[in-house]
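Here's the structure, in structure tokens; my notes come after.
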Amino acid sequence: MTSLPDPADLVRPDNGQAAHLIHVIDAKSHETWLAGQPGRVRAALAAQGFKPTGYAYAILPGEDDEDWSVVTAVADRAALSSWCLAKLAEVLPEGTYRLGEGEPGRAALGWMLGQYRFDRYKSDTKAKGARVLLTARPAGIDAVASEARATFLVRDMVNTPTADMGPGDIEAAAEQIAKRHGAAFSVTRGDALETGYPMIHAVGRAADRANAPRLIEIVWGREDPPRIAIVGKGVCFDSGGLDIKPASGMRLMKKDMGGAAHALALADLVMTRNLPVRLHCLVPAVENAISGNAFRPGDILKSRKGLSVEIGNTDAEGRLILGDALTRAGEETPELIIDFATLTGAARVALGPDLPATFANDDAVAQALEKAGTAVDDPIWRLPLWQPYHELFKSDVADLNNSGESGFAGAITAGLFLEKFVPAEAKWVHFDTFAWRPTARPGRPKGGDALGLRAAYTFLSERYGV
Ligand code: BES
Ligand code: ZN
Ligand code: ZN
């Protein structure tokens, strides 16, 4: 089992306990700082080739064996980013640390996230001890720890292979979250989906009974408005269906439930921080599998909304299950709907792995979201719901087609498809996110990751926070 530290134990109140100092310098302050250091420190820096750039760091000898300290370079000492201490949290030996001057602020998040590991399947689970950072202002740490915990949840869920993260496991994870917050929890499963949620049923019906499709719902909070809905694509494995993916395209598809992980983590944050809203979280969880009863190219599905959908490609399954879930979300007349999905390869071609594509039917919401993302080092990039591209997924025989023939504007046509199932009165934001880091960055190991989660949470807390 993963031996993860609780983020709240990694940044603790400073009661004057023994700790190694971390000197934080930037290009501007480097020379002055260096001039004030004893000869042994200057020699150690020269020997380690320390330069005041990037995430550079060096260990500095003290007067006694035990009082060594650390120096690290940041872009601007006066405005620490979320990631500027993350490298240190990864590489320093276990122990207790404090900043030479100032407070970690947002950098506390990177300190926590840098200590994530996924060792559930490793035989040698000798846990690396915690690196604890002291803070004289512990007041804000709870909120940061909640964000770190939510990020750990996304990482764990996405990293877990499908055999242990099928629709039933997503249901169990959701139930655990709902129980913790005293929220109402319900699941529509298997054949029971056939009438009310025909697209979720069609996509998930080829899977083994144990991995039967389901729509998972959590309801929490006050009776009266504002009502919000959070929806996540839970495709536990995306083989592509009968339009099977090539091996290279299938290799990472355990992560196709990344949207569900983001939705559950965001719902958990909303409940943990007690935002004054009525929350409806919906996760359609399926496996896009292949068998004799799989849905086929050319099939025409009736959706919950009533629109008929021709299947141009069984690999465009995410928009189908989300279509029915968004319809259900709209029935509760939320003022805001947010969905997360690892929806298209096209969004990755356009923006790469780091930037979730966002789509919104309201400019003010889009701007507030973008501002929130920038403020918390969780950037997003808006793409347009370009209405003329509806013609790219017209169907000759049904109301619409689930895939465009041309391949043009794949992320936009997927967004436009979803928009068909969103009530016009609701403000709506769609995240097309990768949920994965192909290469490690400080605080962000290779593997499953939350991308857009903190932007969304910060936006929500600014919109509804008290
Ligand atoms: N889950 C994939 C999208 C995906 C692929 C996300 C790779 C991240 C990395 C989705 O279900 C899919 O296969 N989409 C197709 C849609 C197409 C058939 C219209 C795509 O993007 O190619
Ligand atoms: Zn697919
Ligand atoms: Zn998919």
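Both counts, for ligands and for their atoms, begin at 1 and track the order of listing. Keep in mind the model is a prediction, meaning the values are calculated, not measured.
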Regarding [X] and [Y], does a basic nitrogen lie under 4.0 Å from an acidic carboxylate oxygen?
X	Y	result
R189	E171	yes
E331	R304	yes
R149	D268	no
D449	R437	yes
E335	R463	yes

For [X], the ligand 1 atoms whose distance to one of its heavy atoms is below 4.0 Å:
X	value
T344	3 (C), 4 (C), 6 (C), 21 (O)
K233	1 (N), 10 (C), 11 (O)
E317	11 (O)
M253	1 (N), 5 (C), 7 (C), 9 (C)
T342	1 (N), 2 (C), 3 (C), 6 (C)
S403	19 (C)
G345	3 (C), 4 (C), 20 (C), 21 (O)

By atom name, which N, O or S atom of E317 is the nearest to the Zn ion (ligand 2)? OE1

Contact check: G318 to the Zn ion (ligand 3), N/O/S below 2.8 Å: no

Give the C-alpha distance, both sets of side-chain angles, the deciding distance and a yes or no for salt bridge (Lys or Arg N to Asp or Glu O under 4.0 Å) between E317 and K233. CA-CA 10 Å; E317 83 297 338; K233 169 180 171 181; 3.1 Å; yes

With a 4.5 Å limit on heavy-atom distance, are the side chains of K87 and T72 in contact? no

Need one value: angle at the Zn ion (ligand 3), D238 atom OD2 versus D256 atom OD2, rounded to 10 degrees. 90°

Yes or no: does R319 have any heavy atom under 4.0 Å from an atom of ligand 1? yes

Evaluate whether atom CD of E370 has more than 12 neighbouring non-hydrogen atoms of other residues, nucleotides or ligands under 6.0 angstrom away. no

